[in-house]
Amino acid sequence: MEAVPLVQPLLFAWPADCSKDHMPEGPSIVILKEAMAPFEGRKLLAVSGSVKAFDIQLLKNKTVTFKTWGKHFLLCFPKFTVRIHFLLFGSYLVNERKEATPRLQLQFANGEVNFYACAVSLLNQLPDELYDWSSDIMNSAWNSRKALAKLDSIPDTMVCDAILDQHIFAGAGNIFKNEVLFRIRIHPASLVGHLPAAKRQQLVKGTVAYAFDFLKWKKAGALKKNWKVHTKKICPRCKIPLHKSYLGKTKRRSFFCENCQKKY
DNA sequence: ATACATGTTGGAGC
DNA sequence: GGCTCCAACATGTA
């Protein structure tokens with residue numbers, strides 16, 4: 001009979017795409033906020049890290065709450081806000097550490113969080129003064145009508161750039177771009193102004209819908225498994241090779257099917 | 001091992 | 001002033 005360990009190992013394996021690896025897109029920041037729930041409203045007993053832009057000791061002994069806007073993670077204090085942006089390579093660990101020096105480490109009575117390789121800035125305003133919640137694709141205040149109006153105002157923009165525009169779709173990133181455009185069968189180089197109204201609505205609805213699929217899949221460790229075109233070589237629908245190119249002003253890699261996705 | 005990637009910014013140059 | 005372009009940055013993986 002096989003021996004059963006009396007104590008479970010302290011470190012456990014995270015699902016292949018859960019929050020240990022890439023943070024950047026909005027749903028991952030929502031997962032971070034959920035992971036921070038034990039610290040919500042708690043006092044910061046100690047603060048350390050390599051942030052140089054401001055004196056992080058300003059946060060010590062203060063009570064903090066958390067908000068998210070798109071890809072921004074916000075530490076909220078009564079008179080100011082600390083914004084954390086993970087860019088491409090940022091990461092965090094709750095009640096765990098790794099070799100690298102954290103950009104910011106927050107210690108509470110019931111645990112700690114470490115943020116690595118992220119941009120940390122002090123904003124002398126409150127979140128409500130800084131952010132329009134109706135442009136955050138994950139926020140309950142999200143407003144599709146406003147997003148459509150913003151699209152109307154940029155007719156000469158390629159859709160691949162429009163999805164990445166944080167003023168319109170805060171929280172959407174490059175995975176969104178590729179997956180949403182495949183789902184709604186629009187070629188990434190289409191101009192926003194050339195899209196029929198129904199297609200623009202699909203663009204808005206589809207981006208929000210993908211955000212919640214992304215969230216669900218990421219939590220289940222099944223994000224990559226559900227990619228249809230992002231990083232893929234063959235169209236899952238018509239089976240011809242996908243194109244990969246760097247389109248638009250953003251020049252981010254686009255994966256798309258010339259056959260299934262219509263150019264407007 | 002060199003390149004590449006779920007991103008943004010700030011400054012140069014028009 | 002404002003727009004656009006690009007370099008710079010940060011890190012893990014193939």
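Below, chain A is the first sequence line, B the second, and so on; all start at residue 1.
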### Query
When the ring planes of A:His243 and A:Phe256 are compared, do they come out parallel, tilted or perpendicular, using 30° and 60° as the limits?
parallel

### Task
Quick one: sort the A:His72 and A:Tyr131 rings into parallel, tilted or perpendicular, breaks at 30° and 60°.
perpendicular

Spacing between [X] atom [atom1] and [N] atom [atom2], to the nearest angstrom:
X	N	atom1	atom2	value
A:Phe176	B:dG7	CZ	P	10 Å
A:Phe169	B:dT6	CZ	P	19 Å
A:Lys71	B:dA5	NZ	P	16 Å
A:Glu179	B:dT6	CD	P	12 Å
A:His72	B:dT9	NE2	C1'	11 Å
A:His230	B:dT6	NE2	C1'	6 Å
A:Ile163	B:dG7	CD1	P	12 Å
A:Gln166	B:dT6	CD	P	14 Å

### Message
Suppose you measure atom P in B:dA3 against the same atom in C:dA7; what distance do you get, rounded to whole Å?
### Response
15 Å

Looking at [X], does any N or O in its side chain come under 4.0 Å of the phosphate oxygens OP1/OP2 on [N]?
X	N	answer
A:His85	B:dG7	no
A:Lys244	B:dA5	yes
A:Arg252	B:dA5	no

### Message
Need two values: the first and the last nucleotide of DNA chain C, 5' to 3', having an atom under 4.0 Å from any heavy-atom of chain A.
### Response
C:dT4 to C:dG12

## Note on the structure
When A:Phe169, A:Phe182, A:Trp227, A:Tyr210 are each screened for ring-ring contact (aromatic ring centres under 6.0 Å, His included) with A:Phe176, the one that passes is A:Tyr210

### Task
Provide the closest heavy-atom pair for A:Phe108 versus A:Arg42 in the form atom of the first, atom of the second, distance.
CD2-CB, 3.6 Å

### Message
Over all strands shown, is A:Phe214 touching base, sugar-phosphate only, or nothing at heavy-atom distances under 4.0 angstrom?
### Response
base

### Task
Kindly compute the distance separating CD1 (A:Ile240) from CD (A:Glu258), expressed to the nearest 0.5 Å.
8.0 Å

### Query
Any chance the rings of A:Tyr92 and A:Tyr116 have centres within less than 6.0 Å?
no

### Under 4.5 Å side-chain linkage, directly or through intermediates, the cluster mates of A:Leu126
none

### Task
Please list every stem that involves DNA chain C, where a stem is a run of 3 or more consecutive Watson-Crick or G-U wobble pairs with both pairing distances under 3.5 Å.
B:2-5 with C:11-14, B:7-14 with C:2-9

### Query
Between A:Glu34 and A:Lys219, does at least one N-O distance fall below 4.0 Å, as a salt bridge requires?
yes

#### Entry: Check ion pair A:Arg183-A:Asp213 (N to O, under 4.0 angstrom)
yes

